Amino acid sequence: MLHVLRSEGIGEPGALLTTVNESAKRVAMHAVRIEVLQAQADSAGLPLIIVPIPSPCPNDVYEAQMSAAIAKAKADGFTHVAFGDLFLEDIRRYREERMKGTGLTPIFPLWFRPTDALARGMLEDGLEAYLTCVDPRVVPASLAGRRFDARLLSELPPGTDPCGERGEFHTCAVAGPMFSNRVEVSVGETVQRDGFVFADLELTEGTEKKIHNEGTKKTKT
């Protein structure tokens, strides 16, 4: 989505926002380490806005935390929030309802784009990503930790969305046109927890050293 916002002239992103499990220090559901998340933001040249949430997280707590983050973004001069939703209309309606009265306009740059073409187009543009979470009820558990590529797409069970829009799997991007440099990672331990299979992505030593030396990049727009 970040590449689409920039390349199609929809708008210049001012920051990246995501929820993080405050005890595990990982992106909620994707289980990506916070240091990998920070490396992505650095490579994208954008500030990172982290919304901490507990696990498990009651919906009212989630909404309160997100409302506070949106209010601060409005106060900081942001005008829009871009969501990466593809076709689930109930999710879009929920987001639009939650954004009412905030002063920020929700936009959906990828809405109704054919997901097979979208997945293959992203790969053609240079996307490199890994599956960090899979739902073994709908896709093989062995896909956790696999690279998101044409071979993986060909192995997905019939009816699986090639972008994982129904939660079949979640990914972590490490390279692509939205980044200035590749985020160097290695695939670590794979575990099963709460009905899902997670693959751990760890920064390589070189990437960790670079982040320590350069610090977090800040972009004001």
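Not measured: the values here are computed from a predicted model.
- Aromatic pair F87/F112: centroids not less than 6.0 angstrom apart.
- Contact between L153 and P162 at its shortest, heavy atoms only, is CD2-O, 3.6 Å.
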Original post:
Going through the distances and angles, do R166 and T160 end up as a side chain to side chain donor-acceptor pair (under 3.5 Å)?
Top reply: CA-CA 8 Å; R166 300 184 185 91; T160 303; over 6 Å; no
**OP:** For side chain to side chain donor-acceptor pair (under 3.5 Å), just list the numbers for Y94 and E63, CA-CA rounded to whole Å, side-chain angles, deciding distance to a tenth of an Å, and then say yes or no.
**Re:** CA-CA 11 Å; Y94 172 79; E63 292 182 349; 2.7 Å; yes
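- Transitive grouping of hydrophobic side chains (ILVMFWY, heavy atoms separated by less than 4.5 Å) keeps V36 and V191 in distinct clusters.
- The CD1 atom of I49 sits 7.0 Å away from the NZ atom of K72 when rounded to the nearest 0.5 Å.
- Proximity of L86 to W111: side-chain heavy atoms (C-beta onward) are nowhere separated by under 4.5 Å.
- To the nearest 0.5 angstrom, C163 atom SG is 10.5 Å from R120 atom CZ.
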**OP:** Could you go through the side chain to side chain contact (heavy atoms under 4.5 Å, CB included) check for I107 and V81 one step at a time?
**Re:** CA-CA 6 Å; I107 58 175; V81 179; over 6 Å; no
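- Within the 4.5 Å cutoff, the side chain of P109 has heavy atoms near those of the M1 side chain.
- Salt bridge annotation for E96-K100: absent, with no cationic side-chain nitrogen under 4.0 angstrom from a carboxylate oxygen.
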**OP:** Check the pair C57 / Q65 against side chain to side chain contact (heavy atoms under 4.5 Å, CB included), numbers first and verdict last.
**Re:** CA-CA 11 Å; C57 184; Q65 292 291 81; over 6 Å; no
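- A chain of hydrophobic side-chain contacts below 4.5 Å, direct or via other Ile, Leu, Val, Met, Phe, Trp or Tyr residues, connects V187 to L152.
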**OP:** Could you please spell out the steps behind the side chain to side chain contact (heavy atoms under 4.5 Å, CB included) verdict for I50 and L17?
**Re:** CA-CA 6 Å; I50 290 178; L17 182 149; over 6 Å; no
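- The pair R93-E97 fails the salt-bridge criterion, with no side-chain N (NZ, NE, NH1 or NH2) lying under 4.0 Å from an Asp/Glu carboxylate O.
- The distance from atom CD1 of I34 to atom CG of L48, rounded to the nearest 0.5 Å, is 7.0 Å.
- In this structure, V134 and P140 approach most closely via the heavy-atom pair CG2-O, 4.1 Å.
- In terms of heavy atoms, P136 sits closest to A141 at CB-CB, 4.3 Å.
- Here the side chain of Q40 pairs no donor or acceptor atom with the backbone of V183 at under 3.5 angstrom.
- Between R92 and E165 there is no salt bridge, since no side-chain nitrogen of the basic residue lies less than 4.0 Å from a carboxylate oxygen of the acidic one.
- In this structure, S43 and F179 approach most closely via the heavy-atom pair OG-CB, 3.1 Å.
- Linking Ile, Leu, Val, Met, Phe, Trp and Tyr whenever their side-chain heavy atoms come within less than 4.5 Å puts I70 and I91 in one cluster.
- Put simply, the side chain of C133 does not reach to within 4.5 Å of the side chain of H30, judged on heavy atoms.
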Subject >> Intermediate values then yes/no, side chain to side chain contact (heavy atoms under 4.5 Å, CB included), E202 and S186 >> reply: CA-CA 5 Å; E202 300 176 273; S186 60; 4.1 Å; yes
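- Contact check for R98 versus S67: side-chain heavy atoms found under the 4.5 Å cut-off.
- In the hydrophobic clustering of this structure, Y62 does not group with M99; members are Ile, Leu, Val, Met, Phe, Trp, Tyr whose side-chain heavy atoms approach within less than 4.5 Å, directly or through other members.
- The aromatic rings of F83 and F108 lie parallel to each other, with less than 30° between the two planes, well short of the 60° mark.
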Subject >> R146 and E155: CA distance, side-chain angles, deciding distance, salt bridge (charged side-chain N to carboxylate O under 4.0 Å, His left out) verdict >> reply: CA-CA 11 Å; R146 283 274 303 274; E155 295 176 10; 3.1 Å; yes
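- Between R6 and P13 the shortest side-chain heavy-atom distance falls below 4.5 Å.
- Put simply, NE2 on H170 and CE on M29 are 4.5 Å apart, with the number rounded to the nearest 0.5 Å.
- For the pair S55/E22, no side-chain contact is recorded, criterion being any heavy-atom separation below 4.5 Å from C-beta on.
- Of all heavy-atom pairs between L37 and V32, the closest is N-CG1, 4.2 Å.
- A continuous path of hydrophobic side-chain contacts links Y130 to F169 [ILVMFWY only; heavy atoms under 4.5 Å].
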Original post:
Would R26 and D200 count as a salt bridge (charged side-chain N to carboxylate O under 4.0 Å, His left out) if you check the C-alpha gap in whole Å, the side-chain angles of each, and the deciding distance to 0.1 Å?
Top reply: CA-CA 10 Å; R26 293 174 182 260; D200 190 21; 2.9 Å; yes
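- Contact annotation: the side chain of P157 approaches that of V139 to within less than 4.5 Å [non-hydrogen atoms, C-beta and beyond].
- Atoms CG and CD, on L5 and E12 in that order, are 8.5 Å from each other to the nearest 0.5 Å.
- R137 has a carboxylate O that lies under 4.0 Å from a charged side-chain N of D135, or vice versa, which qualifies the two as a salt bridge.
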**OP:** Show your working on salt bridge (charged side-chain N to carboxylate O under 4.0 Å, His left out) between R113 and E8 and close with a plain yes or no.
**Re:** CA-CA 14 Å; R113 299 196 184 202; E8 297 186 6; 2.8 Å; yes
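- In this structure, OG1 in T19 is found 4.0 Å from CD1 in I53, a value given to the nearest 0.5 Å.
- Counting heavy atoms from C-beta on, the side chains of H80 and L104 never come closer than 4.5 Å.
- Considering every non-hydrogen atom in both L46 and A15, the closest pair reads CD2-N, 4.1 Å.
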